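Protein chains get the first letters and strands the later ones, always in sequence-line order, with residue 1 at the start of each. Keep in mind that what you see is a predicted model, and the values were worked out from it rather than measured.
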Number of protein chains: 2
Amino acid sequence: MLDSACSIERTLGVLGERWTFLILREALAGTTRFAQFREALGVAPDVLTARLNTLVDYGVMAREPYQEPGSRPRDAYRLTDSGRELILVLAALQQWGDLHLPWPAGPSIQRRVRATGRPVQVGFVDENGREVAPADTR
Amino acid sequence: MLDSACSIERTLGVLGERWTFLILREALAGTTRFAQFREALGVAPDVLTARLNTLVDYGVMAREPYQEPGSRPRDAYRLTDSGRELILVLAALQQWGDLHLPWPAGPSIQRRVRATGRPVQVGFVDENGREVAPADTR
DNA sequence: ATATCTGAGTTGGTAGTTCCTACTCAGCCA
DNA sequence: TGGCTGAGTAGGAACTACCAACTCAGATAT
């Protein structure tokens, strides 16, 4: 999968295992530490170790040493720029789920323009920054 | 996962298993029949059956009877409108892979505006159809 | 110095999935 | 009726995730 000519397939080779997208969701929400991921997701520690390692291997996250007073030095896991770009993938997944797998309590959190507070969607845009309908692309 | 309050998690409950995104990639490329999926992907038949069933169960694809001359009636699997909207997710995955997991031969296929032939990207857009930088959202 | 505490992983066994091959089963045609 | 073809099923091996208990290192207390 990792050496496919298809970039979707390569991406899934890095991100497509169970838990990976949820780890990224937490990371984008600000989580950085092993125990935080573990607590937020309830993922088994060996699986978390494995996922974080591949994310680091492929440059999606980076280890960053830190030390709490009274504790030994540890590594935090911080998204790289490339990792932060995955916000588009996660937002697209969320948008689809909000539309097609609705939840009684309504959509969870809306993404908004920071300055104006107006809602934002994921879509196709041309080189001038104008939205293009999916049907108008090929 | 399917009954999570998080729409990303619900979406992954439907689409997050191995092969599902690749099945959708093929479906978006026009594949509709069991044997075509099987040949294009090399997926085991029992897994393909299971994946197509959940996609149908959740309204991403629909069965559509057809009959080749000289053959018995069969079911084709066609994307529903909701399934076609997943083009955004797939395109976001592809875009990320093209940027961050480059392939010697360069990016595979570029999405373009049908009318003008100009390239198209996935991005955030506000309600006026103007692109918004991810950093300007919250 | 020794003992203790704590958090980040490792390890080992079990259960659940995927994979692979071979098989079935239904309708069409000879 | 018997063979052909394509869509699935079945059975077993291999892989992956899950769970609980354990290790290991550094910081603090005694």
Validation row: B:Asp98, B:Trp103 side chains within 4.5 angstrom (heavy atoms) | no
Just checking, any donor-acceptor pair under 3.5 angstrom between side chains of B:Tyr77 and B:Arg33?
-> no
Does some side-chain heavy atom of A:Asp57 sit less than 4.5 Å from a side-chain heavy atom of A:Val14?
-> no
A:Gln36 atom CD, over 12 foreign heavy atoms within 6.0 Å | yes
So ring-ring contact (aromatic ring centres under 6.0 Å, His included) across residues 9-50 of chain A, not counting sequence neighbours, yields none
Answer yes when A:Arg18 and B:Glu17 have at least one side-chain N-carboxylate O distance shorter than 4.0 Å, and no when they do not.
-> no
Please find the earliest and latest nucleotides of DNA chain C, in the 5' to 3' direction, that have an atom within less than 4.0 Å of any heavy atom of chain B.
-> C:dT18 to C:dC29
Quick one, give me the B/S/- string for nucleotides 5-10 of chain D, reading 5' to 3', where B means a protein heavy atom under 4.0 Å from the base and S means that only happens at the primed atoms, P, OP1 or OP2.
-> -BSSB-
Only one of A:Arg111, A:Gln110, A:Arg114 clears side-chain contact (heavy atoms from CB on, under 4.5 Å) with B:Arg138; which?
-> A:Arg114
Among all residues two or more places apart in sequence or in another chain, which pass the salt bridge (Lys or Arg N to Asp or Glu O under 4.0 Å) test with B:Arg84?
-> B:Asp81
Can you tell if the side chain of B:Tyr58 reaches within under 4.5 Å of the side chain of B:Leu15, non-hydrogen atoms only?
-> no
Salt bridge (Lys or Arg N to Asp or Glu O under 4.0 Å): which pairs involve residues 117-128 of chain B, sequence neighbours left out?
-> A:Arg118-B:Glu127, A:Glu127-B:Arg118
Under 4.0 Å from any atom of DNA chain D, heavy atoms only: list the residues of residues 12-26 of chain A that qualify, in numerical order.
-> A:Arg18, A:Trp19
